[in-house]
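The structure appears right after this line, and notes come after that.
Only a predicted model underlies this, so the values are computations on that prediction, with no experimental measurement involved.
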Amino acid sequence: MTVAVSPPTPYAPPTAPAAGRGVLPRPEREPRRPDGGPVRVLVVDDEAPLADLLSLALGYEGWEVRAAPDGAGALRTARAWRPDAVLLDVMLPDMDGLTVLGRLRADLPGIPVLFLTARDAVEDRIAGLTAGGDDYVTKPFSLAEVVARLRGLLRRAAAAAPPPGALLTVGDLVLDEDSHEAWRGGDEISLTATEFELLRYLMRNPRRVLSKTQILDRVWSYDFGGQANVVELYISYLRRKIDRGRAPMIHTRRGAGYLIKAAE
């Protein structure tokens with residue numbers, strides 16, 4: 001698939017994007033992350049020249065940018081790097097963008113996603129927005145439009161974000177996503193990094209049955225090569241720390257998976 005970027009000139013990595021070539025003049029370096037650091041944007045596109053050009057343009061805004069050439073790389077980068085927004089091509093070599101979106105949103109529920117699509121059909125745009133995409137641009141596009149749409153999505157996400165230090169709460173179980181601390185009934189619970197990720201995934205989906213495959217996908221990596229019994233092992237670790245001597249919160253649904261809910 002050949003993609004033209006406005007203006008239609010052959011791609012050559014410039015030393016700095018010029019305003020006359022579709023990039024907005026340098027604005028104030030806002031929005032920013034809650035810690036004051038630059039916004040992080042993940043670019044997902046299998047066409048290296050286009051990904052490079054987008055990365056350069058977004059970097060010129062003062063944002064940190066990383067690129068992934070496929071869905072697998074996007075998911076790994078998102079889990080490790082925790083971007084603030086994703087620029088996602090609909091057509092990728094290993095999986096479609098809608099699948100990637102679903103997996104991203106399971107781990108980063110509120111992350112803004114801007115679709116890049118060569119499909120101009122109304123039904124394709126509706127499919128992307130219905131699946132949870134926040135906005136889209138159709139190829140060929142101007143870099144200025146991409147930057148403007150991303151800035152708009154980031155402003156909306158910041159306005160809708162919970163207060164800093166917001167906690168996940170299920171019954172008397174509380175998890176602080178910033179400090180990685182947890183408490184049940186006021187008693188602190190010490191968690192390893194993997195236990196924290198597993199508990200966070202469960203608590204982000206209270207009363208929802210999560211299969212072993214889903215848990216492997218979100219907590220380890222979607223292409224994790226180990227056996228599913230690692231899930232059983234870590235569920236048992238969490239039960240010892242959270243449920244021992246108390247009314248249980250973590251439940252098994254045989255043949256289906258696991259869920260967490262307030263103790264009855």
Any chance the side chains of Arg239 and Thr252 put a donor and an acceptor closer than 3.5 Å?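 There is such a pair between these side chains.
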Any side-chain donor-acceptor pair under 3.5 Å between Asp96 and Thr99?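 Distance-only check passes for Asp96 and Thr99.
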Judged by atom type as modelled, is there a donor-acceptor pair below 3.5 Å linking the side chain of [X] to the main-chain atoms of [Y]?
X      : Y      : answer
Asp176 : Ser179 : yes
Asn205 : Tyr201 : yes
Asp134 : Leu114 : no
Gln214 : Ser211 : yes
Asp243 : Arg246 : no

Hey, are the side chains of [X] and [Y] touching, using non-hydrogen atoms and a 4.5 Å cut-off?
X      : Y      : value
Glu232 : Tyr258 : yes
Val43  : Leu58  : yes
Tyr136 : Val90  : no
Glu197 : Thr194 : no
Phe115 : Leu101 : yes
Arg200 : Leu168 : yes
Leu238 : Leu198 : yes
His251 : Arg207 : no

Between [X] and [Y], which heavy-atom pair has the shortest distance, and what is it?
X      : Y      : result
Asp70  : Pro93  : CB-CG, 3.9 Å
Leu191 : Glu195 : CA-OE1, 3.4 Å
Pro83  : Ile111 : O-CD1, 3.3 Å
Asp46  : Asp89  : OD1-OD2, 3.7 Å
Val41  : Trp63  : CG2-CE3, 3.8 Å
Gly171 : Ala262 : CA-CB, 3.7 Å

Only one of Val113, Val146, Val44, Val65 passes side-chain contact (heavy atoms from CB on, under 4.5 Å) with Leu87; say which it is.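 The option that passes is Val146.
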For Val86 and Val100: C-alpha separation, side-chain torsions, deciding distance, then whether side chain to side chain contact (heavy atoms under 4.5 Å, CB included) applies. CA-CA 11 Å; Val86 178; Val100 176; over 6 Å; no
Distance from [X] atom [atom1] to [Y] atom [atom2], nearest 0.5 Å?
X      : Y      : atom1 : atom2 : result
Ile250 : Met203 : CD1   : CE    : 10.0 Å
Leu42  : Glu64  : CG    : CD    : 12.5 Å
Thr77  : Arg82  : OG1   : CZ    : 12.5 Å
Glu47  : Leu53  : CD    : CG    : 11.5 Å
Leu210 : Thr213 : CG    : OG1   : 11.5 Å
Leu216 : Arg218 : CG    : CZ    : 11.0 Å

Full working for salt bridge (charged side-chain N to carboxylate O under 4.0 Å, His left out) between Glu188 and Lys241: CA-CA 10 Å; Glu188 187 170 0; Lys241 295 184 176 184; over 6 Å; no
Co-membership, hydrophobic cluster, residues [X] and [Y], 4.5 Å side-chain:
X      : Y      : answer
Leu202 : Val230 : yes
Leu259 : Leu233 : no
Ile260 : Val209 : no

May I ask you to decide whether Asp45 forms a salt bridge with Lys139, counting only side-chain N to carboxylate O separations under 4.0 Å?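 Yes, Asp45 and Lys139 are salt-bridged.
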Thinking salt bridges, do Arg184 and Asp172 make one under a 4.0 Å N-O criterion?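 A salt bridge is present here (some side-chain N lies under 4.0 Å from a carboxylate O).
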Qualifying residues under side chain to side chain donor-acceptor pair (under 3.5 Å), relative to Arg253, sequence neighbours excluded: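 Listed in chain order: nothing, the list is empty.
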Under the criterion side chain to side chain contact (heavy atoms under 4.5 Å, CB included), I'd like the reasoning laid out for Leu116 against Phe141: C-alpha separation, chi angles, the key distance, then a yes or no. CA-CA 9 Å; Leu116 302 176; Phe141 49 76; 3.9 Å; yes
Verdict with supporting geometry, Tyr237 and Ile242, side chain to side chain contact (heavy atoms under 4.5 Å, CB included): CA-CA 9 Å; Tyr237 292 161; Ile242 293 170; over 6 Å; no
